[in-house]
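Encoded as structure tokens, the structure appears first; notes follow it.
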Amino acid sequence: EVQLVESGGGLVQAGGSLTLSCEFSGVTFDNYVIAWFRQAPGKEREGVLFISNTGDTTSYADSVEGRFTISSDNNKNTVSLQMNSLKPEDTAIYYCAASQYPGQGTPIVVVAEGYDYWGQGTQVTVSS
């Protein structure tokens, strides 16, 4: 059974930083993607950053470019989302998700419908 657990959310002032962690287990695919999505109140779930176990990465939300980075520790089954220069509009519940990945060179799926496994989410609130 695939399980994902997010941690690291909280309240931070604008301009501050947070690091979210996603610990995952039970992933048996040879290749897989771990993704970070976020959902603000009244808005659709939005893809943020994505990383495969083969080292491929991609981003989807232009608004986080240059501020957020994704990294993985395959030995620890952990994917981190480093968020810098946070803005009030970054306020959302942040979810990590997992899906099978065909392999290097294949486009990473960036929509929520492409992911079968989800964590419970962690709240990030950025005050102005």
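Atoms considered below: every heavy atom in the structure, side chains included; atoms not considered: hydrogens, waters and symmetry mates. Residues: numbered from 1 along the sequence shown.
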What distance separates [X] [atom1] from [Y] [atom2], expressed to the nearest 0.5 Å?
{"X": "Gln82", "Y": "Ser71", "atom1": "CD", "atom2": "OG", "answer": "8.0 Å"}
{"X": "Asp90", "Y": "Ser85", "atom1": "CG", "atom2": "OG", "answer": "9.5 Å"}
{"X": "Ser25", "Y": "Glu1", "atom1": "OG", "atom2": "CD", "answer": "8.0 Å"}

Mark yes or no for whether [X], through its side chain, and [Y], through its backbone, hold a donor-acceptor pair below 3.5 Å.
{"X": "Asn53", "Y": "Ile34", "result": "no"}
{"X": "Ser52", "Y": "Thr54", "result": "yes"}
{"X": "Glu6", "Y": "Gln120", "result": "yes"}
{"X": "Arg45", "Y": "Gln39", "result": "no"}

- prompt: side chain to side chain contact (heavy atoms under 4.5 Å, CB included) with Thr78: which residues, sequence neighbours excluded?
  reply: Ser21, Glu23, Lys76, Ser80

field: Aromatic ring pairing Phe24/Tyr32, orientation class (parallel under 30°, perpendicular over 60°, tilted between)
entry: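 Answer is perpendicular, since the angle exceeds 60°.
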
message: Parallel, tilted or perpendicular: which one describes the rings of Phe37 and Trp118, with boundaries at 30° and 60°?
response: tilted

Would a 4.5 Å heavy-atom cut-off, applied to side chains only, mark [X] and [Y] as touching?
{"X": "Thr58", "Y": "Val110", "value": "yes"}
{"X": "Arg38", "Y": "Thr91", "value": "no"}
{"X": "Leu81", "Y": "Leu49", "value": "yes"}

With a 4.5 Å cut-off on side-chain heavy-atom distances among I, L, V, M, F, W and Y, is there a chain of contacts connecting [X] to [Y]?
{"X": "Val48", "Y": "Leu4", "result": "yes"}
{"X": "Ile93", "Y": "Tyr117", "result": "no"}
{"X": "Ile108", "Y": "Ile51", "result": "no"}
{"X": "Val33", "Y": "Val111", "result": "yes"}

Can you see which heavy atom on [X] is nearest to which on [Y], and at what distance?
{"X": "Ser99", "Y": "Gly114", "answer": "CB-O, 3.4 Å"}
{"X": "Asn31", "Y": "Pro102", "answer": "ND2-O, 4.1 Å"}
{"X": "Ala35", "Y": "Phe50", "answer": "CB-CD2, 3.2 Å"}

task: Give a yes or no on this: more than 12 heavy atoms of other residues, nucleotides or ligands lie within 6.0 Å of atom CG of Asp73.
output: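 More than 12 within 6.0 Å, yes.
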
- request: For the pair Leu20 and Met83, evaluate side chain to side chain contact (heavy atoms under 4.5 Å, CB included) and give the outcome as yes or no after the intermediate values.
  value: CA-CA 8 Å; Leu20 305 184; Met83 306 186 295; 3.7 Å; yes

field: Pair Trp36 and Phe68, ring centroids less than 6.0 Å apart
entry: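 Ring-ring flag for Trp36/Phe68: false, centres at least 6.0 Å apart.
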
task: Start with the C-alpha gap between Val79 and Ile70, add the side-chain angles, then the distance that decides, and say whether side chain to side chain contact (heavy atoms under 4.5 Å, CB included) holds.
output: CA-CA 7 Å; Val79 171; Ile70 191 169; 3.7 Å; yes

- prompt: What pairs of residues pass the ring pair (Phe, Tyr, Trp, His ring centres under 6.0 Å) test when at least one of them lies in residues 71-108, not counting sequence neighbours?
  reply: none

